[in-house]
Amino acid sequence: MAIIRCKDHPPKGRTRTYEAAVEPVGHPESALVCGSKHCKASGLIWLEVHEATDYAESRRIFDAFSGSAIKMRAR
């Protein structure tokens, strides 16, 4: 599952491994904000290995939580 973090606060994958960071549509003026506790910087979409493969194959919509609670579109 993708996660939103800025370039200065990459995710620390305790249970997941993130391979790539991609820009959301409208970056850096998008509505996505870093999920790090006190950061308000524009967020990037950090992708797991299988999501990075999807991105490379031109798939651009990713789930942020199980069950599609949040979905985001990459550029």
Worksheet item: Does any N or O in the side chain of Arg5 come within less than 3.5 Å of the main-chain N or O of Ile45, such that one atom is a donor and the other an acceptor?
Response: no

Fill in: Pairing residues for Glu57 by the side chain to side chain donor-acceptor pair (under 3.5 Å) criterion, not counting sequence neighbours
Arg59

Fill in: Heavy-atom closest contact (Cys39 atom, Val33 atom, distance)
O-CG1, 4.0 Å

Response to the item:
side chain to side chain contact (heavy atoms under 4.5 Å, CB included) with Tyr55: of Arg60, His50, Glu19, only one passes, and it is Arg60

Worksheet, complete the sentence: Under a side-chain separation threshold of 4.5 Å, the hydrophobic residues clustered together with Tyr18 are Ile3, Leu44, Trp46

Item to complete: Measure across Pro28 and Ser42 and return the closest heavy-atom pair with its distance rounded to 0.1 Å.
Response: O-OG, 2.6 Å

Item to complete: Nearest 0.5 Å please: distance from the NE2 atom of His9 over to the SG atom of Cys34.
Response: 6.0 Å

Item to complete: Without swapping roles, check the side chain of Glu51 against the backbone of Ala2 for a donor-acceptor pair under 3.5 Å.
Response: yes

